[in-house]
Q: 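Structure incoming, see below.
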Amino acid sequence: MMEKANIHIERRPGTVDLLRSYKVYIDGQRVGKLRESEQFVVPVQPGDHEIILKVDWASSHPVTVHVEASEEISIYCQSISNIITGLYTIVFNSKNYIQVFLH
């Protein structure tokens, strides 16, 4: 039996989206949602995995991570927009609304 790996995902506080959840997708499958300051761990097979976060029609760029057997990697996300730039970002740069960072 192959050992699992883990992806730890955290949502950092921001100035927008306080009441909205970010949907988390790994390899095209929805694996959960994150409210502000929440976090969770997703068990995955070792290898490469594509992560995308979405809120309404806005999202992050796809991020690919590589995890080895028995390894846990940590990422965090947050909106880069604020109340003033949020509407512009949603309309003209919707795939860059949420930023994803490796710890």
Side-chain angles (χ1 to χ4, degrees):
M1 179 180 225
M2 184 179 278
E3 290 186 54
K4 292 279 189 176
N6 290 315
I7 299 174
H8 177 263
I9 305 169
E10 173 188 356
R11 180 174 165 190
R12 299 250 172 112
T15 58
V16 295
D17 300 328
L18 297 175
L19 302 176
R20 298 165 55 197
S21 295
Y22 291 176
K23 296 174 194 86
V24 180
Y25 294 83
I26 297 179
D27 300 329
Q29 298 290 322
R30 185 172 166 184
V31 296
K33 63 182 181 177
L34 288 170
R35 291 197 174 278
E36 185 167 318
S37 300
E38 286 186 336
Q39 56 187 306
F40 65 88
V41 175
V42 180
V44 296
Q45 294 296 327
D48 292 334
H49 298 281
E50 182 183 78
I51 302 167
I52 298 176
L53 288 97
K54 298 181 180 181
V55 58
D56 299 329
W57 59 87
S59 67
S60 67
H61 283 289
V63 174
T64 301
V65 296
H66 181 82
V67 287
E68 299 290 337
S70 301
E71 179 183 29
E72 179 171 295
I73 63 156
S74 294
I75 65 169
Y76 69 92
C77 66
Q78 65 188 69
S79 173
I80 61 162
S81 295
N82 59 43
I83 294 169
I84 296 168
T85 63
L87 182 59
Y88 176 86
T89 304
I90 287 172
V91 173
F92 296 106
N93 198 9
S94 65
K95 297 217 181 304
N96 199 34
Y97 184 78
I98 303 169
Q99 293 289 292
V100 178
F101 303 93
L102 291 172
H103 271 260

Q: Grab the two heavy atoms, one from Tyr22 and one from Val55, that are nearest each other, plus how far apart they are.
A: CD2-CB, 3.8 Å
Q: Minimum heavy-atom separation for Ile98 to Leu53, with atom names?
A: CD1-O, 3.8 Å
Q: Find out if a path of hydrophobic residues (ILVMFWY) with successive side-chain heavy-atom gaps under 4.5 Å connects Tyr76 to Leu102.
A: no
Q: Over all heavy atoms of both residues, which pair between Glu68 and Ala5 is shortest? Give the atoms and the distance, please.
A: O-CB, 3.3 Å
Q: OG of Ser60 to NZ of Lys54: how many Å apart, nearest 0.5 Å?
A: 9.0 Å
Q: Cluster question for you: counting only ILVMFWY and a side-chain heavy-atom cut-off of under 4.5 Å, with indirect links fine, are Val44 and Tyr25 together?
A: no
Q: Roughly how far, to the nearest 0.5 Å, is the SG atom of Cys77 from the CD1 atom of Ile52?
A: 13.0 Å
Q: Could you please spell out the steps behind the side chain to side chain contact (heavy atoms under 4.5 Å, CB included) verdict for Arg11 and Gln78?
A: CA-CA 6 Å; Arg11 180 174 165 190; Gln78 65 188 69; 5.8 Å; no
Q: Walk me through it: do Val63 and Ile75 pass the test side chain to side chain contact (heavy atoms under 4.5 Å, CB included)?
A: CA-CA 10 Å; Val63 174; Ile75 65 169; 5.9 Å; no
Q: Got a second to check how far Arg12's CZ is from Gln39's CD, nearest 0.5 Å?
A: 9.5 Å
Q: Rounded at 0.5 Å granularity, tell me how far CD1 in Ile51 sits from NE2 in His61.
A: 15.0 Å
Q: Take a 6.0 Å sphere around NZ of Lys23 and say whether it holds more than 12 heavy atoms from other residues, nucleotides or ligands.
A: yes
Q: Of the non-hydrogen atoms in Glu36 and Leu18, which two are nearest, and what is the gap between them?
A: OE1-CD2, 2.6 Å
Q: Ring-plane angle category for His103 and His8, please: parallel below 30°, perpendicular beyond 60°, tilted otherwise.
A: perpendicular
Q: Can you confirm whether Asn6 sits close enough to Pro43 that some side-chain heavy atom of one is under 4.5 Å from a side-chain heavy atom of the other?
A: yes
Q: Minimum heavy-atom separation for Lys33 and Phe40, please, with both atom names.
A: O-CE2, 3.7 Å
Q: Please report the interatomic distance CD(Gln29) to CD(Glu50), rounded to the nearest 0.5 Å.
A: 12.0 Å
Q: Begin from the C-alpha positions of His49 and Val42 and carry the test side chain to side chain contact (heavy atoms under 4.5 Å, CB included) through to its verdict.
A: CA-CA 11 Å; His49 298 281; Val42 180; over 6 Å; no
